[in-house]
Engineer: 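Quick one: the structure is below, and I'll ask about it shortly.
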Amino acid sequence: MAATSSSAVSALGSAATFVPQRQLSGLTSAGVSGQKVVSTTSFVKRQFSGLRGAAFPGQKVVSTPLFVKSNSRTTMTLAAGVSKFEAVTMAPPDPILGVSEAFRADTSDAKLNLGVGAYRTEELQPLVLNVVKKAEKKMLESGENKEYLPIEGLAAFNKATAELLLGADSPAIKEGRVATVQGLSGTGSLRLGAAFIQRYFPGAKVLISSPTWGNHKNIFNDAGVPWSEYRYFEPKTVGLDFEGMMADIKDAPSGSFILLHGCAHNPTGIDPTPEQWEKIADLIEEKGHMAFFDVAYQGFASGSLDQDADSVRLFVKRGLEILVAQSYSKNLGLYAERIGAINAVVHSSDVAVRVKSQLKRLARPMYSNPPVHGAKIVANVVGDAALFDEWRAEMEMMAGRIKTVRQRLYDDLSTKDKSGKDWSFVLKQIGMFSFTGLNRAQSDNMSDKWHVYMTKDGRISLAGLSLAKCSYLADAIIDSYYNVQ
Amino acid sequence: MKSVHHRRIASLARHFRMEEGGSIAFSPTSATASSFAHVKQAPEDAILGVTVAYNKDPSPVKVNLGVGAYRTEEGKPLVLNVVRKAEEQLLADRARNKEYLGITGIPQFNKLSAELILGRDSPAIAQGRVITAQCLSGTGSLRVGGEFLATHYSGPKVIYVPSPTWGNHLKIFPLAGLETRTYRYYNPKTRGLDYEGMIEDLRAAPNGAVVLLHACAHNPTGVDLTQEEWEGLRKVIRNDKQQLPFFDSAYQGFASGSLDTDAFAVRRFVNDGGETFIAQSYAKNMGLYGERVGALSIVVRDPSVAARVESQLKLVIRPMYSSPPTYGAAIVSTILSNPALYDEWKVELKAMADRIISMRHQLFDALKARKTPGDWTHILNQIGMFTFTGLNKQQVEYMTKEYHIYMTMDGRISMAGLSSRTVPQLADAIHSAVVKFSS
């Protein structure tokens with residue numbers, strides 16, 4: 001794979017667009033910091049040929065697939081005893097989830113898991129929120145049934161999630177202009193949104209930030225939506241490359257979708273300022289693009305649910321149509337329950353009804369209807385004033401612990417590093433993650449030598465860090481940064 | 001009551017918003033066309049839409065025989081006792097948390113699910129040739145399996161499904177990337193299996209094609225193969241055509257009341273050493289409908305292939321929903337791993353299957369008593385949750401309108417939704433429809 005500099009990416013223009021392809025072994029990009037990946041693979045959408053048409057009596061061709069994702073030959077192995085999957089190659093472990101696997105396999109006492117963005121207490125234990133335990137107890141006591149939810153999910157959850165996102169007094173909600181469908185956490189909601197774009201905006205491109213959460217590109221690839229990157233992270237300042245971002249959004253063909261992180265950008269922790277958000281909204285409106293927000297950390301960035309929704313609410317207040325994927329994995333600690341939502345805020349209630357009906361039509365052949373348990377937990381917490389207040393407090397506690405840990409890590413790094421390097425980006429970055437600026441080799445050193453597990457793009461999850469471990473981590477980072485190239 | 005003028009002014013005022021500083025801005029909601037204007041209203045899902053229509057009906061005597069969800073004799077949804085026990089156990093377990101599962105879900109759940117369908121002593125499991133991934137019930141397992149095949153199968157990317165089949169099959173596989181064709185299955189004249197037609201169509205299909213098979217309790221017809229017919233089919237698929245069977249097992253235990261009996265076909269195929277895909281659902285047999293619990297098992301020829309297949313399966317799942325939901329699978333795992341709960345489950349499962357069989361007899365007797373024209377023995381012969389009545393669309397619409405009977409347009413009724421109280425009403429409706437619109 002060729003690595004190109006950031007300036008070359010924009011010069012490539014449409015050549016840097018990724019044709020949707022099934023992510024296959026050896027071709028996944030870990031999105032290493034500073035490296036722009038331009039895929040040179042030749043996997044393209046392949047029209048399935050040779051077996052179209054009802055060739056045989058009594059058979060009815062029901063339908064051909066929208067597109068065939070494949071790199072395999074159509075010749076078959078007729079020899080008996082050979083697996084039809086013999087040619088399948090071993091895929092590499094997921095860059096993020098694979099970190100936890102590696103961590104589990106490590107037997108060292110010093111090991112530290114800063115890989116996946118899952119909150120840990122100061123004792124580095126997973127946390128089930130008190131409000132969640134209370135809600136589950138209530139649910140079991142009330143003896144509710146386990147009937148199928150409608151395809152669009154639990155109505156009480158959908159109402160609560162839209163209000164949380166847009167504000168309970170949102171005119172858009174009052175006017176019926178918000179289509180909300182319960183989805184399988186952030187990933188599942190993004191996938192529904194992507195599938196919707198593929199079907200209703202064929203050929204439209206999605207722009208994703210460079211870098212971004214590693215799974216974004218996989219989602220758009222599998223949904224068959226072309227994508228390209230907009231500049232985002234500037235390694236020199238360890239900050240936002242705002243000019244690059246705006247230039248790339250400007251260059252995109254009108255009617256593109258711009259994937260924006262609502263707050264607490266993953267993996268960099270760098271968010272636009274309110275003024276910058278205004279300008280981004282201006283440009284998106286001017287170019288006739290559509291914002292597609294990924295909101296996975298509402299409440300985790302600042303500690304305030306409302307403040308963290310400001311970017312989304314700005315766009316809605318402007319009257320812009322947007323897509324928003326939400327997740328309750330982190331802010332309610334419901335990771336494994338897979339609870340989230342895909343929202344479309346549109347211009348009229350008629351349109352909202354139609355859009356919702358088509359989102360349902362995409363969900364039905366994927367999983368029929370979403371799981372009920374997590375949805376009921378959210379509905380119960382948000383629907384009960386006392387529980388909601390308690391949740392806010394637990395939310396602030398989690399966000400507060402991360403801020404405290406940031407401060408300690410910064411202090412330790414500044415004290416231990418005599419070179420005078422500016423580590424203040426640790427304090428400025430927002431949310432669960434810190435983008436350390438460590439490259440792949442340095443990240444490998446972190447795990448190989450120090451048993452500190454992180455993703456290879458240099459991202460560490462501060463949610464997995466305790467005050468007690470800050471000093472050790474600072475040593476590891478300093479060693480990796482200076483002694484490994 | 002506001003005058004027309006008031007309403008007009010109020011409407012205009014909504015289109016203008018006062019910005020800070022007093023300037024007026026247009027709300028684009030009035031001025032700009034929506035980017036989604038071209039999106040049309042989708043029709044309601046044929047099956048789930050029945051429940052939507054049922055819910056809208058204010059009639060106190062309405063009966064929902066649409067979706068295949070078990071109802072008690074009192075017409076109520078049922079949560080199994082073992083499920084409640086398992087839930088209490090899970091809630092009380094202080095060691096439990098909600099951390100992300102791995103991409104393929106709970107390992108113990110996967111192991112127990114494979115054992116449930118293949119048998120604890122399955123040679124394929126012992127030989128390390130079975131990969132199992134927890135997925136979102138039957139639908140999710142079928143979709144993930146379909147997408148995996150569309151990418152990695154070295155045979156033709158085409159799947160043959162029976163005619164008729166569960167409506168969602170016809171949506172899942174094309175979206176997964178497989179060309180979808182049908183093979184003859186149901187013979188309307190006999191209201192039974194068109195065995196010759198099925199064999200002929202599969203012989204004519206390409207070598208190596210994927211063939212979808214309902215493991216038991218065929219949906220919507222309730223018409224299943226006999227053991228001899230399964231064996232005949234197996235020989236054609238394995239020996240003559242090297243086709244890949246993909247079993248949809250949504251009713252294990254519900255068809256006959258016995259988990260092992262209902263797994264006969266799947267086990268027969270897997271035990272011949274050939275490769276097999278299996279989608280399992282716990283929606284019906286454990287009553288876990290809304291929890292979305294299921295599993296995809298892939299049986300390969302060679303253990304060395306298994307690890308590679310599993311790794312690529314993860315790449316299908318990760319961009320779809322990352323990892324599956326924990327709660328329902330934890331319930332299943334708790335029950336299957338505890339001998340006392342397992343036994344209790346089998347008893348509750350048999351009770352559900354038996355009640356359905358008794359409904360079959362009651363409906364048959366009621367039609368006989370009314371001397372309803374036609375041969376209704378298929379109600380007794382068909383297996384599982386559903387009866388393919390043979391009623392046509394016109395008759396069904398009439399039954400809905402006049403008798404508030406809700407069912408799918410293909411004439412399928414869910415016996416699980418019937419009770420002794422509602423059988424007479426259904427019998428009246430069928431009788432009336434058949435007499436009024438003789439086909």
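Naming convention: chains lettered A, B, ... in sequence-line order (proteins, then strands); numbering from 1 in each chain.
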Engineer: Give me the ring orientation class for Y327(B) and H373(A): parallel if the planes are under 30° apart, tilted from 30 to 60°, perpendicular past 60°.
Structural biologist: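 Parallel.
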Engineer: Taking all non-hydrogen atoms of both residues, which atom of V128(A) and which atom of K98(B) are closest, and how far apart?
Structural biologist: CG2-N, 4.0 Å
Engineer: To check you understand the geometry: which heavy-atom pair defines the closest contact between Q242(B) and K84(A), and what is its length?
Structural biologist: O-NZ, 3.0 Å
Engineer: Please name all residues satisfying side chain to side chain donor-acceptor pair (under 3.5 Å) with T72(B), sequence neighbours left out, ordered by chain then number.
Structural biologist: E74(B)
Engineer: Can you list the residues that meet the side chain to side chain donor-acceptor pair (under 3.5 Å) rule with R364(A), with sequence neighbours excluded?
Structural biologist: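 For R364(A) the side chain to side chain donor-acceptor pair (under 3.5 Å) partners, ignoring immediate neighbours, are S368(A), D45(B).
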Engineer: At a heavy-atom separation under 4.5 Å, does R120(A) approach chain B through its side chain, its backbone, both, or neither?
Structural biologist: side chain
Engineer: Sort L323(A) into side chain, backbone, both or neither according to what part of it lies under 4.5 angstrom from a heavy atom of chain B.
Structural biologist: side chain
Engineer: Tell me, for E99(B) versus chain A, whether the close heavy atoms (under 4.5 Å) come from the side chain, the backbone, both or neither.
Structural biologist: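 For E99(B), backbone and side chain are both near chain A.
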Engineer: Might you work through the side-chain contact (heavy atoms from CB on, under 4.5 Å) test for R199(A) and L175(B), ending with a clear yes or no?
Structural biologist: CA-CA 11 Å; R199(A) 189 175 274 188; L175(B) 281 184; 3.6 Å; yes
Engineer: Check the angle between the aromatic planes of F36(B) and F196(A) and answer parallel, tilted or perpendicular using the 30° and 60° thresholds.
Structural biologist: tilted
Engineer: Distance from Y148(A) atom OH to L288(B) atom CG, nearest 0.5 Å?
Structural biologist: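 Between Y148(A) OH and L288(B) CG, I get 10.5 Å after rounding to 0.5 Å.
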Engineer: So what's closer than 4.5 Å to chain A heavy atoms on N168(B): side chain, backbone, both or neither?
Structural biologist: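 For N168(B), the side chain is the part near chain A, not the backbone.
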Engineer: Could you walk me through whether L91(B) and M139(A) pass the side-chain contact (heavy atoms from CB on, under 4.5 Å) test, one step at a time?
Structural biologist: CA-CA 11 Å; L91(B) 193 66; M139(A) 282 155 60; over 6 Å; no
Engineer: Heavy-atom cut-off 4.5 Å, strictly under: side chain, backbone, both or neither for S137(B) against chain A?
Structural biologist: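 For S137(B), there is no contact with chain A at all, as no heavy atom is under 4.5 Å.
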Engineer: Could you label the plane-to-plane angle of the F85(A) and F277(B) rings as parallel, tilted or perpendicular, counting under 30° as parallel and over 60° as perpendicular?
Structural biologist: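 Ring orientation of F85(A) relative to F277(B): tilted.
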Engineer: Under 3.5 Å, is there a donor on one side chain and an acceptor on the other for S83(A) and E275(B)?
Structural biologist: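 Short answer, yes.
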Engineer: For P77(B) and E147(A), which heavy atoms make the closest approach, and how far apart are they?
Structural biologist: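 Looking at all heavy atoms of both residues, the closest pair is CB-OE2, 3.3 Å.
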Engineer: Measuring heavy-atom distances to chain A, does E310(B) have an atom under 4.5 Å in its side chain, in its backbone, in both, or in neither?
Structural biologist: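 For E310(B), there is no contact with chain A at all, as no heavy atom is under 4.5 Å.
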Engineer: What part of K330(A) lies closer than 4.5 angstrom to a heavy atom of chain B: side chain, backbone, both or neither?
Structural biologist: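 Contact with chain B is through the side chain of K330(A) alone.
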Engineer: Salt-bridged, E87(B) to K146(A), with N to O below 4.0 Å?
Structural biologist: yes
Engineer: Examine whether an atom of E321(A) lies under 4.5 Å from a heavy atom of chain B, and if so say whether it belongs to the side chain, the backbone or both; otherwise answer neither.
Structural biologist: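 Contact with chain B is through the side chain of E321(A) alone.
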